[in-house]
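Worksheet: the structure to be examined is printed underneath.
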Number of protein chains: 2
Amino acid sequence: MAGTDVAPADALTDLFGLLAYAELMAFFNLSGDAERASSLADKAALGEMAVTEFGHFRGLHDELTRRGAVPEQAMEPFVAALDAFHARTAPADWLESLVKAYVGDGLAADFYRAVAERLEPEARALVLEALADTGHADFVISRVGAAIKADPTRAGRLALWARRLVGEALAQAHRVVADRPSLARLVVGGADQGGPAGGQGEIGRMFARLTDAHDRRLAALGL
Amino acid sequence: MAGTDVAPADALTDLFGLLAYAELMAFFNLSGDAERASSLADKAALGEMAVTEFGHFRGLHDELTRRGAVPEQAMEPFVAALDAFHARTAPADWLESLVKAYVGDGLAADFYRAVAERLEPEARALVLEALADTGHADFVISRVGAAIKADPTRAGRLALWARRLVGEALAQAHRVVADRPSLARLVVGGADQGGPAGGQGEIGRMFARLTDAHDRRLAALGL
């Protein structure tokens, strides 16, 4: 049961399909945030970020086609989990929406960066490109910071919200890796401490590291 | 009271501001349609069109900046009318939403094409670029055609919906030209039959021509 050096094709199709659908959702969510923004300047800035996410989606979509996969089929296995995550974490207002995008972007970026290390150079470049900073984090930090300054009682509510988001994200992530063993092996590959490659324990340790990084990001938000 | 050969700067700022906000709204509406589409392929196709509209918005936004205007200030006078139009014509379902985008795109394209003839070459190119076909019309004709074939009773409801859209669009357009005399003069400039340049009668005749073109487009939709 040795780890593979080269990711198998079906696992890569899974990875790109998952990332593509996540980017498409990010596009929809950011467009919605842009529409709900109160100033025209914020609408334009968030719209610009949404369009960047769509560009990432397009890159993954085209790469799936290039590899001989049908992009819609590659995304399909992840639709239920990602839709469930979004349905269970519908933001009550614009601030919750910004925090959700920030938390989601951050967790996704850490996850894909960890996975990218294990890919061939070409696939790695594509994944890292999809994580390229859209300027969104700075935007959220500035807007949420200003909102908390204006009304410090918001900090507690938003911190609880961020905890709930991580809980739901982990719940769905565990569902996905349980359903897709080859993706699970790709994700934790020939990784670290003990346990069978792709075992639930190893996955759990990886998610714990992602959660640590998340806590550091929340501190940057003032939560 | 002769027509001017060169459009005055404030009228152009108005025109670009109006067009920019309309494109931003088109981006939001198409993103929403993409999100509500039932298949992943339709989500991707409509998302692509939304991104094209955002590109047009960006071009107009940058041109306003280049001309020394503040884009947000240039859009501001048109926010109330366009928001009112969208609030009064909230689609009840995906089909109504597609028909609305088709009717709106068509009317807007005819309007801007008529105005573009009266602009200097550079401004004209920008306006015509913003009207470049996004492939949206063909998409709507195919989807609405299939939906009516599947259930012919839909045709009557959608035809009524299209009439309402035009009524609301004309109502808001009359409000805008009443508020912005220099824009009204630009729109009907040294145009056709009698009446003072930019007079309400002339505007009315221009809108009537747009409505004729709209009726021909509805026939293409099978309505």
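Letters A, B, ... mirror the listed sequences (proteins, then strands); counts begin at 1.
Under 4.0 Å is where a charged nitrogen must lie from a carboxylate oxygen, and between A/R66 and A/E122 at least one such pair does. Taking a cutoff of 4.0 Å between a charged side-chain nitrogen and a carboxylate oxygen, B/D93 and B/R157 qualify as a salt bridge.
Between chain A and the residues B/S31, B/G55, B/A20, the most heavy-atom pairs under 4.5 angstrom are made by B/S31. In terms of heavy-atom pairs under 4.5 angstrom with chain B, the leader among A/G47, A/A44, A/S39 is A/G47. When each of B/L40, B/L24, B/V79 is scored by its heavy-atom pairs under 4.5 Å with chain A, the top score falls to B/L40.
Judged purely by atom type and a 3.5 angstrom limit, B/R124 uses its side chain to pair as donor or acceptor with the backbone of B/A116. Side-chain atoms of A/Y102 come within 3.5 Å of backbone atoms of A/R217 as a donor-acceptor pair (strictly under, hydrogens ignored).
At a 4.5 Å heavy-atom cutoff, the contact between B/A50 and chain A is made by side-chain atoms alone. At a 4.5 Å heavy-atom cutoff, the contact between B/F28 and chain A is made by backbone and side-chain atoms alike.
Taking the ring axis of A/F54 as reference, the NZ or CZ atom of B/K43 does not stay both within 45° of it and closer than 6.0 Å to the ring centre.
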